[in-house]
Amino acid sequence: MLRFQKGNAKLDIEIYNFSLPAGTSCPFAVECKTTADKAWGFITDGINQIYRCYAASDEAKSPQTRSARHWNFDLLKREDENEIFRRIKVSLPKKAGIIRIHVSGDFFNQKYFNAWIRVAQKNPKVIFYAYTKSLTYWGTYADSNLWFPDNIKLTASWDNSNKHIIKERNLKYARVVFSEEEAAKLGLEIDHDDSHAYKGDKSFALLLHGTQPKGTMAAKAKNTLVTAGVKHSYGRTRQLR
């Protein structure tokens, strides 16, 4: 069985998360590229990184988190589409009303992307949502004129390497910002609880969060946010056993 986490958001509906290892399962990550060593949690930052992925920092601190995410990845990464679909389908929490696909990780190949679409099609009463830089897989599916269910909400994760695709396809996107002033200049509302991702159709901003490499612009921005008392409010999660 794959491992899901139950969210801690203050909503009536049951929210669950599904994750893979940060960076390792993110084929298109550039500005946030970060990995945590599977065994020991040592952080490796990408050569073109602008800010460190908060999910990798979580993995660095928690062997349990690393284990759960790699467990999921190891079960799925070599399977065909039908087997990936089957594994996800039988592992879905029965009480789930909303599922976030990937607090950590991303769609790592086309088969995996297609399998999640099929899972959403088979579970029309559940809302599935995801942030993704895997716009190639999204585009390939969309261009095939296949049925894209209304209950799966995708948000493109803005990156200088993919912004041309976002603009060409007019995709809804989320952009990480270093300050509230930056979000205002871009004309983007800041999402503090993921509601923009699974409810709205407009693009939005996410405040920088998580541990950042010392001496970087991201670290300075994070310190400024902390000093000013500006905090994100994304809910913590706990691992289901």
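Everything numeric here is computed off the predicted structure, so don't read it as measured data.
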Any donor and acceptor pair, going by atom type alone, linking the side chain of [X] with main-chain N or O of [Y] inside 3.5 Å?
X      : Y      : result
Ser104 : Ser19  : no
Asn17  : Val103 : no
Ser62  : Asp58  : no
Glu14  : Gly97  : no
Tyr198 : Ala130 : no
Asn162 : Ser157 : yes
Ser67  : Pro63  : no

Rounded to the nearest 0.5 Å, what separates atom [atom1] in [X] from atom [atom2] in [Y]?
X      : Y      : atom1 : atom2 : answer
Glu79  : Phe85  : CD    : CZ    : 14.5 Å
Ile84  : Asn114 : CD1   : CG    : 9.0 Å
Arg52  : Tyr54  : CZ    : OH    : 15.0 Å
Asn223 : Lys214 : CG    : NZ    : 10.5 Å
Tyr16  : Lys94  : OH    : NZ    : 11.5 Å
Tyr173 : Tyr131 : OH    : OH    : 14.0 Å

Is it the case that one hydrophobic cluster holds both Ile43 and Leu208, taking links as side-chain heavy atoms less than 4.5 Å apart, direct or via other members?
no
Quick one: does [X]'s side chain get under 4.5 Å of [Y]'s, heavy atoms only?
X      : Y      : answer
Phe113 : Thr140 : no
Ile98  : Val126 : no
Phe42  : Thr44  : no
Trp158 : Val176 : no

Heavy-atom closest pair, residues [X] and [Y]:
X      : Y      : result
Pro213 : Thr216 : O-OG1, 2.7 Å
Gln121 : Pro149 : CG-CG, 3.7 Å
Ser179 : Leu207 : C-CD2, 3.9 Å
His164 : Ser161 : CE1-O, 3.2 Å
Ile99  : Pro93  : CD1-CD, 4.4 Å
Ile190 : Ala183 : CG1-CB, 3.7 Å

Pairing residues for Thr132 by the side-chain contact (heavy atoms from CB on, under 4.5 Å) criterion, not counting sequence neighbours:
Asp106, Phe107, Ser134, Leu135, Trp138
Test side-chain contact (heavy atoms from CB on, under 4.5 Å) on Phe178 and Thr224 and set out the steps.
CA-CA 9 Å; Phe178 285 14; Thr224 299; over 6 Å; no
Could you pull out all residues at least two apart from Asp37 that satisfy side chain to side chain donor-acceptor pair (under 3.5 Å)?
none
Cationic N near anionic O, under 4.0 Å, [X] to [Y]:
X      : Y      : result
Arg87  : Glu83  : yes
Glu81  : Arg118 : yes
Lys199 : Asp193 : no
Arg69  : Glu59  : yes
Lys172 : Asp201 : no

If only side-chain N and O atoms count, and only distance matters, is there a donor-acceptor pair under 3.5 Å linking Tyr129 with Asp194?
yes
Paired with Leu2, the side-chain contact (heavy atoms from CB on, under 4.5 Å) test is passed by just one of Val90, Leu92, Ile88, namely Ile88
Let me see the working for Asp191 and Glu189 under side-chain contact (heavy atoms from CB on, under 4.5 Å), right down to the final yes or no.
CA-CA 6 Å; Asp191 187 352; Glu189 291 185 3; over 6 Å; no
Expected list for residues 20-33: side-chain donor-acceptor pairs under 3.5 angstrom, two or more places apart:
unit_1	atom_1	unit_2	atom_2	d
Ser25	OG	Pro21	O	2.8
Glu31	OE2	Asn160	N	2.9
Glu31	OE2	Asn160	ND2	2.9
Lys33	NZ	Gly23	O	3.0
Lys33	NZ	Cys26	O	3.4

Ring pair (Phe, Tyr, Trp, His ring centres under 6.0 Å) evaluation trace for Trp116 with Phe18
CA-CA 11 Å; Trp116 270 110; Phe18 181 81; 5.6 Å; yes
Could you give me the CA-CA distance, side-chain angles and deciding distance for Val226 and Lys222, then say whether side-chain contact (heavy atoms from CB on, under 4.5 Å) is met?
CA-CA 6 Å; Val226 172; Lys222 175 66 184 303; 3.8 Å; yes
Using a cut-off of 6.0 Å, state whether more than 12 heavy atoms not belonging to Asp143 lie near its atom CG.
yes
Could you walk me through whether His196 and Lys202 satisfy the side-chain contact (heavy atoms from CB on, under 4.5 Å) test, starting with their C-alpha distance in whole Å, then the side-chain angles of each, then the deciding distance to 0.1 Å, before giving a yes or no?
CA-CA 7 Å; His196 289 59; Lys202 295 182 179 179; over 6 Å; no
